[in-house]
Each structure stands twice: as C-alpha cells, then as structure tokens.
Protein chains: 2
Amino acid sequence: MWCLRFALTETATMAVTIKDIARATGKSITTVSRALHDYDDVSAETKQLVQRVAAEMGYTPNLWAQRLQKQRTDTIGLILPTQGPRLGDPFFGQLIAGVGDKAGEHSYDLLVSTQAPDADELAIYKRKVQGRQVDGFIIVRTRRQDLRIDYLRTVDVPFVVFGRTEGDLDYPFVDEDGTAGMEAVVEHLLRLGRRRIACIAPPAELMFAEHRLRGVQNALQRHGYPLEPDLMRRADLTQRGGLRAAQELLALPRRPDAIVACNDLMAFGAMSAAQKLGLVVGQDIAVTGFDDTPWAEHSHPPLTTVHQPIYEIGAMVCDMLIRILQGQTLEQQQILMEPRLVIRQSCGAA
Amino acid sequence: MWCLRFALTETATMAVTIKDIARATGKSITTVSRALHDYDDVSAETKQLVQRVAAEMGYTPNLWAQRLQKQRTDTIGLILPTQGPRLGDPFFGQLIAGVGDKAGEHSYDLLVSTQAPDADELAIYKRKVQGRQVDGFIIVRTRRQDLRIDYLRTVDVPFVVFGRTEGDLDYPFVDEDGTAGMEAVVEHLLRLGRRRIACIAPPAELMFAEHRLRGVQNALQRHGYPLEPDLMRRADLTQRGGLRAAQELLALPRRPDAIVACNDLMAFGAMSAAQKLGLVVGQDIAVTGFDDTPWAEHSHPPLTTVHQPIYEIGAMVCDMLIRILQGQTLEQQQILMEPRLVIRQSCGAA
DNA sequence: ATTGACAACCAAAACGTTTTGGATTATGAT
DNA sequence: ATCATAATCCAAAACGTTTTGGTTGTCAAT
C-alpha cells in the first residue's frame with residue numbers, strides 16, 4: 001500500500017490502466033473494474049480503496065477498449081453537405097451548436113464529416129457504418145428521394161432526420177412546417193395589397209423547396225391569384241442566385257410588386273437586385289425571406305422573414321436520436337415545428 | 001471454397017471480421033491480416049484470394065479494434081467555442097468546412113465538441129486527451145493567455161492553432177495579420193479624407209482584438225491623429241453589440257466621421273445605428289468591417305472590409321496538424337496570412 | 001457434521017485487430 | 001546427403017476493457 005505513491009510517480013507519464021490499479025491495490029482486474037462500476041458484489045471498503053487509488057493515479061478508461069468490448073461507440077455521426085468553401089447554409093452553424101451541446105450533455109461524442117452532395121454521398125455513410133464508428137446518424141438537408149435514409153434503413157442503423165422526404169414518412173424526424181410559413185408570408189403580402197407576387201424557389205430536388213413552394217401556391221390559389229409560371233424561378237440557395245433570379249423577374253414586362261424568396265440568402269440577393277435598379281424595397285417592391293438568420297434583422301431594410309429555431313431543432317434531433325439509442329420509445333417521433341412570421345420593413349408594413 | 005458463398009449469406013447480417021475471412025479462405029488470421037495490408041511475406045495468390053473474399057464478404061475493419069491495437073486514433077479534435085444558440089462567429093461554418101474537407105481527404109476523422117468559453121473549458125480537453133480519443137487538436141479563438149495551449153504542451157499532445165497568444169509563440173499556428181489589415185483600412189479612410197476615426201474593438205482578452213486594434217492605432221499615430229480614448233469602444237462580437245457601441249459613438253458631442261469595426265457583424269450593427277439616425281453610410285459616415293463574411297457583399301450599402309480566407313485557413317491548419325501527426329516536419333510552422341482590403345461602398349469610395 | 005445461503009473475490013474468455021518470433025517447405029548450391 | 005537461403009505461413013501475445021462463471025470462506029440453520 002505504501003509503495004503506491006511510488007508506482008504513481010513511476011507511471012505518471014504513461015497512461016494508467018486498470019491493470020495498474022489492480023497491482024497497486026492488490027486486487028484483481030475484475031474486482032477493480034467492478035468496483036469502479038459500483039457493482040454490489042464488491043465490499044464497501046474495496047470500492048473506496050479502488051476508487052481512491054484510481055483517482056490518485058489519474059485513471060481514465062481507454063475508450064477504444066471500452067467500445068471494442070461494449071460494441072457501442074456512444075458516438076453520433078453528422079455529415080454536413082458542403083459545397084466548396086461554404087457549409088451549405090449559414091444556419092448549419094447554429095445546428096451544429098444545438099446538436100453539439102445536446103450531445104455533450106449526454107456525454108455522446110459527435111463525429112462530423114463534410115461531403116459534397118453531388119459526389120457519391122452514400123460512400124461516407126457506408127464507411128462509418130461498416131467501421132462501426134457511430135451508433136446512429138443525424139441526417140440533414142433531405143432530398144425528395146433520399147438514398148441515405150433508404151440505406152440506413154436497410155442496414156438497420158438508427159437515425160433521426162431534420163427534414164422530410166416524399167412519400168412514406170415512417171422514420172423519426174423534426175421539420176419546420178415550410179408550407180404554413182410561406183402561407184403566412186403570402187397572406188400577409190396580400191393583406192398589404194400586393195397582388196403580383198413572384199417566388200424564388202430552391203432546387204426542386206430539395207424537399208423543403210417543395211414544402212415552401214406549395215405554401216406560396218396554396219395561399220395565392222386560395223385568394224384567386226394562382227402563381228403564374230413566369231413568376232416562379234429556381235435558384236441555388238445563395239445570394240448570387242437570388243440576385244440573378246430577381247433580375248430576371250424585375251426585367252419582366254409586367255414587373256412583380258413582391259418577391260417571396262424561399263430563404264434569407266436569396267432574399268438578400270433579391271433586395272440587392274431591386275436596389276441596383278433604384279427601387280425602394282418595402283415600397284416599390286416587397287421582398288421576404290425564410291430562416292430568420294441573424295443578418296435578417298440588420299439588413300437594410302430589415303428583412304421580413306419566417307423564423308426557424310435552428311438551434312432548438314438541432315438539440316431536439318440529437319435528443320431524439322440519443323433516446324432511440326438508449327432504447328427508449330419516443331413519445332412523439334415526428335415533430336413539425338410551427339414557424340413564426342417575423343414582420344420587418346422589407347415587406348412594406350408600417 | 002465453394003462453401004464460401006454460403007458462409008457469406010449466413011454472416012450477412014452480422015459484421016464480418018477478419019476471423020470470418022480466415023475461416024472462409026482456410027488461411028490463418030495472421031495471414032489474412034498481412035494479406036490485406038499487402039505485406040510481402042504473403043504470396044501473390046494468397047493476397048488475391050484474401051482480398052477477393054474480403055471484398056465479397058463486405059469486410060471493413062473494426063476501427064475500435066484497430067485503434068486499440070495501434071494506439072492511434074486517426075482522429076483530430078476540434079472544440080468550438082459556442083455561446084448559447086450560436087457558434088461564436090458566423091465564419092466558423094467555413095472553418096469547419098475547410099477542416100472537415102482536409103481531414104476527410106487524408107481519411108482522418110473529425111471529433112467536434114461545443115463548449116462555452118466561460119465554463120471550465122479545459123475539462124473537455126482533458127477528457128479527450130485522457131480517454132485517448134484524439135491524436136491532436138485544432139485550437140481556435142485564442143485568448144492572450146491561453147490555458148488550452150499550456151495544457152496541451154504539458155501533456156505533449158500535438159496541436160495547431162488558428163490565432164496567436166501573447167508572448168512566446170513556440171507552437172505551430174496560422175493566423176491572419178490583423179494589424180496589417182486594419183492599417184490598410186485606416187490608411188484608406190485617411191486617404192478619403194476622414195479624420196475623426198472611431199473604433200469598435202472586441203473584448204480585450206481575445207488576442208485578435210489586440211492585433212486589429214493595434215493596426216488602427218499604428219496607422220492613426222503614423223499620420224499624426226492618435227486614437228482618442230473616447231473614440232474607442234469595446235463590444236462583444238455581435239451586431240447588437242456593434243449597434244450599441246455605435247450609438248454611443250454617434251451621440252458624442254463631436255461625432256466621428258468614420259467607424260472602424262473589428263469584425264463585420266459589429267460593422268453591420270454600426271451601420272444600422274447610423275441609419276436609424278438618418279445618416280447616409282458612405283457619405284455622412286464611413287463604416288468598415290473585418291472578415292468579409294458572405295453578407296458583406298450584399299449589405300446595404302455593401303461593406304468595405306478585410307477579406308480573410310477562412311476556408312483555406314481551416315484547411316491549412318488541419319493539413320499542418322496531420323503532417324505533424326505523421327511525423328513530418330513542417331517546412332513552415334508559423335504562417336501569417338496577408339489580408340486583403342475589399343473596398344465597397346460603406347467607406348464612401350466612388 | 002451437513003447443508004444452504006450469502007458475501008467477497010477472481011481467472012479466463014471475449015471484443016477484433018496487429019505484431020512478434022518462429023515454423024515449415026521448397027530451391028539450389030555444395 | 002547436407003546446408004543455406006528464401007518464400008510462405010501461422011500460433012500466440014498484446015492492446016485495455018467487461019462479463020461469465022465460477023471459487024472460497026463465513027455464518028446460521030438443520
């Protein structure tokens with residue numbers, strides 16, 4: 001027992017293993033392991049002794065050994081769709097913050113990879129699954145038909161999705177109700193007297209594009225002004241794309257009096273396009289967005305948009321996945337968040 | 001040999017191990033392992049056989065077992081300083097993209113955690129180190145005295161830093177030359193005839209705050225207009241902070257004719273503050289930023305700022321760390337990126 | 001004196017790899 | 001025939017844990 005301190009200094013540079021503790025306490029490896037895990041076939045004194053010595057020696061379990069043995073990784077995978085130098089969307093930062101905080105809270109690790117969506121996206125999921133690197137996945141940026149979901153289902157790896165796909169939705173997800181959000185936007189514009197409402201929509205293969213577009217169509221239809229094909233443009237989700245689309249729209253013989261962009265970035269682009277033509281946004285033309293990124297509040301004019309609680313969604317998605325991994329059943333396995341219309345000046349409201 | 005296909009279907013649901021391949025090929029575990037790693041004490045036929053069978057059975061090595069054995073993780077750690085719902089800065093998204101892409105390129109994994117900088121930040125580094133979860137770290141958002149660096153140095157875990165600290169810099173880092181960037185900004189404003197130049201600086205404990213502030217001071221000093229204490233305000237890095245600081249500055253008896261903010265977000269806030277007072281940004285007052293976030297180009301007016309290639313910095317930092325981990329010596333272990341002044345309308349240039 | 005129950009402990013197997021240190025066989029040279 | 005060499009192969013140990021299936025000793029009840 002008194003040689004203990006000696007052993008301590010001696011092994012200080014190397015990693016302390018359970019075996020070292022066994023040697024130091026004179027107990028067996030088994031007993032040490034069980035003492036550390038508070039099994040009840042270890043006497044109180046032994047537990048105390050072992051735990052004290054472990055603390056003194058600065059023992060931390062070797063996670064690979066634990067994981068190898070337990071056949072569990074306590075790690076969740078998040079694969080980000082990047083395009084070149086940028087994350088696919090500015091709000092992915094908030095999403096990561098939400099997921100990361102929640103994962104940390106439950107002492108799960110978060111394994112992040114980046115992957116351009118155009119390349120063989122599935123390959124990276126396969127690698128992580130087959131190398132048994134993660135217990136489950138969080139999937140973001142869904143497409144109408146999403147191979148990732150099909151794949152994870154066939155190999156029976158748990159996952160939770162931020163977003164939805166087309167067709168059967170027999171998997172756990174969190175999504176915002178893009179249709180309702182867009183309906184609110186359009187209703188509001190109609191109430192303000194706008195009639196010639198144009199829409200800049202994201203690429204059709206992205207599922208949320210369809211939800212949001214449908215919202216625009218629904219609201220217009222309902223009030224008897226169905227969306228004219230010429231007033232709908234597709235653009236990638238960037239400002240540049242929004243700018244270009246808006247320029248086309250504003251060059252039409254009968255100019256629209258409102259542009260409803262399906263995300264904030266494209267709305268910023270649309271505002272720039274209008275301003276370059278000398279139009280006053282909020283008067284000559286209304287512009288709206290979706291996402292309520294931090295910049296929306298401070299653009300000029302401030303952007304009317306739809307608020308999405310991305311941080312909370314990240315945390316929820318992560319929480320659901322962890323519950324699933326722990327074998328709990330989810331009280332609610334499909335969650336649709338009600339979005340909130342945020343009225344600022346770009347739509348021309350007082 | 002012909003029972004092979006049978007074995008395949010039988011074990012299809014379970015994970016295929018090296019042992020299964022040994023059984024299927026009739027070779028020993030050792031030989032299979034060596035064949036897969038292309039050792040030259042395995043005959044060509046055997047290699048072929050083993051590799052074919054491994055492919056057929058869909059073998060992927062169990063990474064935990066490999067790592068336990070190899071005492072290496074091929075994983076790098078990145079701990080993000082989050083504050084509440086947001087990543088500390090909007091450009092962290094780009095940083096993650098850069099780091100992630102480079103890590104993937106070299107088949108390293110990226111373990112991401114989030115951590116509020118106020119809490120016991122070191123704890124999470126310790127956990128990852130002691131659990132031997134990562135081979136090395138990327139450190140971001142340095143403070144003047146950075147405990148993380150001290151700690152990693154004492155435990156002898158490799159790391160590369162984005163940013164610098166005060167004092168000795170005997171560690172590998174990449175940073176942008178904030179001083180030079182700010183000097184360029186101020187020189188430009190002076191050239192445009194601005195004389196009463198105010199500065200909104202970040203919290204003093206952040207090292208980059210000092211570099212940038214020093215640039216402002218240097219340039220003003222050099223031209224004989226030293227920075228008046230009253231014209232310098234500290235603010236957190238948010239728009240809201242910038243807005244408040246700018247409001248204070250604009251309420252001064254002798255109003256400044258230029259506000260140099262130390263990042264884009266605060267500059268946006270400053271522009272809002274000026275515009276709320278009916279001032280025309282670019283005429284009545286010049287406003288500049290730093291970072292060249294994607295929004296800078298599309299703000300109204302577009303923001304004059306300093307471009308930082310964050311994606312590239314992320315990739316470089318990651319690349320350097322990987323080289324270190326692989327035992328290579330870096331040709332250049334401290335890199336200072338020359339920033340580039342981006343002149344747009346907010347400073348009042350033609 | 002047995003028996004059974006209980007408390008406290010532990011040896012060995014297992015997780016899936018890689019590496020060490022031979023063992024075996026074939027080939028050619030003497 | 002013998003020996004050295006090279007070409008293949010493999011058993012066993014190791015990495016650090018957890019778990020299985022015990023053993024041992026004590027005490028109380030028969």
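To find a chain, count down the sequence lines: A is the first, B the second, and so on, and within it residues start at 1. Quick note: numbers below take in every heavy atom, side chains included, and nothing from hydrogens, waters or symmetry partners.
Residues A:Asp135 and A:Tyr108 have side chains that never bring a donor and an acceptor to within less than 3.5 angstrom of each other.
Put simply, CD1 on B:Ile21 is 11 Å from P on C:dT18, counting in whole angstrom units. If you take CG of A:Leu36 and P of D:dG16, they are 16 Å apart, rounded to a whole angstrom. Between B:Lys27 atom NZ and D:dA11 atom C1' there is a gap of 16 Å when expressed in whole angstrom units. Separating the CG atom of A:Leu68 from the P atom of C:dG16 is a distance of 7 Å, rounded to the nearest angstrom. Rounding to whole angstrom units, CD of residue A:Gln71 and C1' of C:dT17 are separated by 13 Å. If you take CZ of A:Arg72 and P of D:dT17, they are 16 Å apart, rounded to a whole angstrom. B:Gln133 has its CD atom 16 Å from the P atom of D:dG16, to the nearest Å. Summarising the geometry, the separation between CG on A:Leu63 and C1' on C:dC15 is reported as 15 Å, rounded to the nearest angstrom.
Taking only side-chain atoms of A:Ser28, from C-beta outward, the nucleotide of C:dA11, D:dC9, C:dG16 with the closest atom is C:dA11. When distances run from any side-chain atom of A:Ser43 to the nucleotides C:dC9, D:dT18, C:dC15, the shortest one goes to C:dC9.
You'll find the ring centres of B:Phe137 and B:Tyr125 inside the 6.0 Å limit.
For the pair A:Arg67 and A:Trp64, the cation does not sit on the ring face, since its NZ or CZ is not both under 6.0 Å from the ring centre and inside 45° of the axis.
In this structure, A:Glu121 and A:Arg143 approach most closely via the heavy-atom pair OE1-NH2, 2.8 Å. The shortest heavy-atom contact between B:Arg132 and A:Ala15 is NH2-CB, 2.9 Å.
For C:dG16, neither phosphate oxygen OP1 nor OP2 lies less than 4.0 angstrom from any side-chain nitrogen or oxygen of B:Gln66.
At a threshold of 4.0 Å, the pair B:Arg72-B:Asp74 counts as salt-bridged, since one of the basic side-chain nitrogens sits closer than that to a carboxylate oxygen.
For A:Gln48, the CD atom sits in a loose shell: 12 or fewer heavy atoms of surrounding residues, nucleotides or ligands are nearer than 6.0 Å.
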Could you list all N or O pairs between the protein and nucleotides 19-26 of chain C that sit under 3.5 Å apart?
from	atom 1	to	atom 2	distance (Å)
C:dT19	OP2	B:Tyr39	OH	2.7
C:dT19	O4	B:Thr30	OG1	3.4

